[in-house]
Each structure stands twice: as structure tokens, then as C-alpha cells.
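What follows is a single structure, written as C-alpha cells, with notes after it.
What you see is a predicted model, and the numbers here were worked out from it, not measured in a lab.
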Amino acid sequence: MDSQSKKRARQEESQRCRETKKAKGDSLCNDLSDDVLFSILSLLPLRSLGLAACVSKTWRSWVSEIGLNKPPEPLSGGLFYEYETLDTMMTGYAQLPSCNDRDGALLASSSNNYNRKILSCSHGLLLCVDSNSPIEYQIINPLVTQRIVVPRPTRHSHCPDATLVIDPPDLPSYRVVRLIADVNKAIVGIDVFSSKTGTWEELDVTVDDLYYEDGEIAFLNETVYVLTSISSVGVLFIYNIMDKIARVISLPCQGLWDEKTNFLGVSQGSLQFSANDRVEDDNFVQHLIWVLEGEDRWVLKHRLGPLGCQLLAFHPDLDAVFFHTIVEEQHKILVLHLTNMEWWEVCTFYDGDEFDVLGVSFFPISPSLLNPVQLEDIVS
């Protein structure tokens, strides 16, 4: 057989293989209706859609239609942080490691936000308060320049702390939940602002001698969780804003309560509590992380050895926590993945004398952010 004949035979064999593969693929697709195939394609990320468009003309037209209606992909995860020195307060943003490489949001530091303090972060939106006017709350979308100024509440509180509540199925509605405390920081009520009604609902608290401690206010399943104390003993105050039911449960351990190292937060859909505690007959401090199961059952989730770091926040979606540490006068934020005990450095946010930094606040943003279009619907 001459070379031309061999070449022709190879081409015919390749054509038969392509036809066989196409027939198998067509038989698989023929088992599914066009509506089902279209629905499957709609779930693909943009990169995979581009590959699917090469299958056939029909698929290419479907991909074109999906691409026109598909919302932008969510931003990668990141965090906002605030730190205060002797003469200034700064706000910054950093992307989390292991996320995609898209540019994240940025809240630039400027004289315009010098007096603005971040209170909480929910689905990429920030709840801030004016330090000069602790009842003027603002909801800020760092992706756009617009913001919402929440109507001022009528009740005065000596505790400006509040939390932003966003339920994605209920968009573009939102709520703001704030504590009402007297001059001695005794909790006497809770106020809830609803964007649906445009008004504040005033809820009274009937638990006596309940004092607010500086710590995160957590909100989960229509319930407010606050670290408080009764007779100098740390407790967890729980208030369901729908049922108007208040109760108090004990903490799994007191920790170093006087050093204010106890912390509260929500991660992976559960309420979590962290505390530093000294090991008996030893000098080092262990770090404990507990999760609340049911109404009042604490389960020890992690016991970490001496770390020399300050816990800042729980990751909202992953089994991970964030810490502030100082290495050779550099202030760094680290993330510890608790599943495999891997450390990652997030960023260095201050390089200088450690005594210049008076405090650090920290607000992680979930990798499953609402997309920018949805955020703009809220703050527009």
C-alpha cells in the first residue's frame, strides 16, 4: 500500500471514530429534553459555558441566551479590618488566600471615614456608625459609592453596638438589630429596624442585672446572642425577636473573662464561642472553641495549644478562624484552617511599634457573597 493509500485509510478511520463518539454523545443527550439540558447549562460557571458553546450550534445559542441573563459571578472572599493608633483610625480590605484572583471590594481610608466605625458585615454590606453620633447608622456597599442612612432610633443607648441582618431570599429587605443599655451598660431592651416598615420596633428586656460585655453580637435564626454578665459571671443572653422570648444560659467556661478574650460568632450556620483559659499547674494559655447545639448544650469543638495570637473572627462558611499576631513589629492577620490545622497569612496591616496599635476590629466576607447586582439593589 502506497503512502497516499495509507493516509486515506487513516483519515477514514479517524472519521469513523469521530462519528462513533458523536453518536454516543447524541444518544446521551437524546435521553434528556431540551429544557433539562438548558437548566443544566444554566448552572455552569462562565468558563464552563464557554466550553459548552463549542458542542453544537444549538448549545451555542443556549449559552448565548444564558450569558445575557446570568448575573455576575460573586466576588472572592475577603475581610475588612480596622485598627487604631494614637493619632488615626484606618480601614482596609484584604482578599483571603485560596480564593480566586478577582479584584475584591475596597473601602479606601480617607478623612471621610475617619469617624466611621464598622459594627458588622453581612453578605458584603457593612453596617457602620458615626463615632460622633452613635445613633446614626449607615449601610455601606463598598462596591458602589451609594449608602443608606438608617432612620435614627428614638431610644438612647449607651451601647452603640448593632448588627446587620440580611436574608438573601428576602432581598432587598434588611434589618438592623441594636442593643439598648443604660449608663451602667445594663441591657434594658433591643431595637429592630425593618426596611419593610421603615420604622424601629422597641422590645423590652425583663432580665434583671444583665450587663453587656464588649464582644460580638451574633444573630442566627431570628435570635440575638450577646455575651453578658450577671453578678460578674459571664453568661449568654438569648433573645428571639419573633417570639419576644428572653433567656440566659451559662457559658461552657469563663475563660480569662477579665482580659476580655472571650468571643462570639456564627460559622457554618452554628453559634460558636471561643475563650482563652489557663491550663492548671502550667503557665501557658490554651484556646478553646465551642459550638452551641440545641437550646443550651455546648460541645467542645477545638482545643488549641498556646498560640500567642488574638482571635478576631470566625470564618462565616469554613471551619476556620482568624487571628491577629505581631512578628518583628509587623501586625499580621492570619487564618487557621481547623480541618487540617494549616496556617495562612492574609495580610500585614501595620508595620511599626506594637504599642501604637490600640485595637483591631475584623469583619470577614463570605466567599458566597451576593452578586454585585443584588448588592446594588439594596444600596442604590
Side-chain angles (χ1 to χ4, degrees), residues 120-123 161-170 175-180 187-192 201 203-257 260-277 286-304 311-322 336-341 364 366 368:
S120 72
C121 179
S122 179
H123 293 87
D161 286 356
T163 187
L164 177 64
V165 180
I166 295 177
D167 185 12
D170 203 28
R175 287 173 291 175
V176 176
V177 179
R178 71 190 287 258
L179 292 180
I180 306 300
I187 298 177
V188 297
I190 291 176
D191 282 357
V192 181
E201 181 182 6
L203 308 174
D204 293 327
V205 172
T206 57
V207 181
D208 295 330
D209 300 323
L210 189 67
Y211 293 90
Y212 172 69
E213 300 291 336
D214 293 332
E216 188 75 7
I217 300 174
F219 189 91
L220 180 67
N221 298 330
E222 300 300 313
T223 303
V224 185
Y225 298 89
V226 188
L227 284 180
T228 56
S229 65
I230 296 179
S231 301
S232 300
V233 176
V235 295
L236 182 66
F237 170 60
I238 303 174
Y239 190 95
N240 186 291
I241 65 174
M242 298 298 292
D243 299 333
K244 313 294 189 300
I245 296 176
R247 59 193 182 94
V248 173
I249 67 171
S250 61
L251 294 173
C253 73
Q254 288 297 302
L256 306 179
W257 190 263
K260 298 188 181 299
T261 56
N262 296 348
F263 192 83
L264 196 67
V266 175
S267 177
Q268 299 178 296
S270 299
L271 185 80
Q272 302 201 20
F273 169 75
S274 70
N276 289 351
D277 199 12
Q286 62 181 342
H287 197 94
L288 307 174
I289 299 177
W290 306 74
V291 60
L292 183 64
E293 294 188 356
E295 293 189 350
D296 55 7
R297 178 172 175 263
W298 292 101
V299 176
L300 182 62
K301 185 178 179 183
H302 295 287
R303 185 191 300 271
L304 308 177
L311 189 140
L312 294 175
F314 296 99
H315 194 292
D317 285 339
L318 305 178
D319 190 16
V321 286
F322 298 92
L336 172 61
H337 293 270
L338 296 168
T339 51
N340 53 18
M341 301 306 292
S366 166
S368 58

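Every residue two or more places apart in sequence or in another chain that forms a salt bridge (Lys or Arg N to Asp or Glu O under 4.0 Å) with D204 is listed here: R155. Taking S274 as the reference, F263, H287, I289, L311, F314 meet the side-chain contact (heavy atoms from CB on, under 4.5 Å) condition, with sequence neighbours excluded. Checked against ring pair (Phe, Tyr, Trp, His ring centres under 6.0 Å), W290 has no partners two or more places apart in sequence or in another chain. In this view, D319 and K301 satisfy the salt bridge (Lys or Arg N to Asp or Glu O under 4.0 Å) rule, not counting sequence neighbours. Scored by the side-chain contact (heavy atoms from CB on, under 4.5 Å) test, T223 finds Y225, I238, N240 as partners (sequence neighbours excluded). The side-chain contact (heavy atoms from CB on, under 4.5 Å) search around V299 returns V291, E293, R297, not counting sequence neighbours. Taking the salt bridge (Lys or Arg N to Asp or Glu O under 4.0 Å) definition, one finds that D170 meets it with K196, sequence neighbours left out. With sequence neighbours left out, the side-chain contact (heavy atoms from CB on, under 4.5 Å) criterion links D208 to no other residue.
A pairwise comparison of heavy atoms in L164 and S120 identifies N-OG, 2.9 Å as the closest pair. The heavy-atom pair separating C253 from L288 by the smallest distance is SG-CD1, 4.0 Å. Nearest approach of N262 to A275, heavy atoms of both residues: OD1-CB, 3.3 Å.
At least one side-chain heavy atom of V266 sits under 4.5 Å from a side-chain heavy atom of L271. Residues T339 and L318 fail the side-chain proximity criterion, which asks for heavy atoms closer than 4.5 Å. Residues D161 and V226 are not in side-chain contact: their nearest non-hydrogen atoms beyond the backbone lie 4.5 Å or more apart. Two residues are said to be in side-chain contact when any heavy atoms from C-beta on lie closer than 4.5 Å; L236 and W298 meet this criterion. Within the 4.5 Å cutoff, side-chain heavy atoms of V235 are placed close to those of L210. Two residues are said to be in side-chain contact when any heavy atoms from C-beta on lie closer than 4.5 Å; Y211 and T228 fail this criterion. Counting heavy atoms from C-beta on, the side chains of V207 and V248 come closer than 4.5 Å. Annotation: side chain of L179 is in contact with side chain of Y212 (closest heavy-atom distance under 4.5 Å).
A salt bridge (Lys or Arg N to Asp or Glu O under 4.0 Å) check over residues 234-254, counting only residues at least two apart or in different chains, returns the pairs E201-K244. Sorted by first then second residue, the salt bridge (Lys or Arg N to Asp or Glu O under 4.0 Å) pairs that include residues 217-241, not counting sequence neighbours, are R175-E222. The salt bridge (Lys or Arg N to Asp or Glu O under 4.0 Å) analysis of residues 226-240, with sequence neighbours excluded, yields no pairs.
For the atom pair L203 CG and D191 CG, the distance stands at 7.0 Å (nearest 0.5 Å). For the atom pair CD of E295 and CD1 of I249, the computed distance is 9.0 Å after rounding to the nearest 0.5 Å. For the atom pair CD1 of I217 and CZ of F237, the computed distance is 10.5 Å after rounding to the nearest 0.5 Å.
Heavy atoms from other residues, nucleotides or ligands lying under 6.0 Å from CG of N340 number more than 12. No more than 12 heavy-atom neighbours from other residues, nucleotides or ligands sit within 6.0 angstrom of CE on M242.
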*Stepwise side chain to side chain contact (heavy atoms under 4.5 Å, CB included) test for L338 and L304*: CA-CA 10 Å; L338 296 168; L304 308 177; 4.2 Å; yes
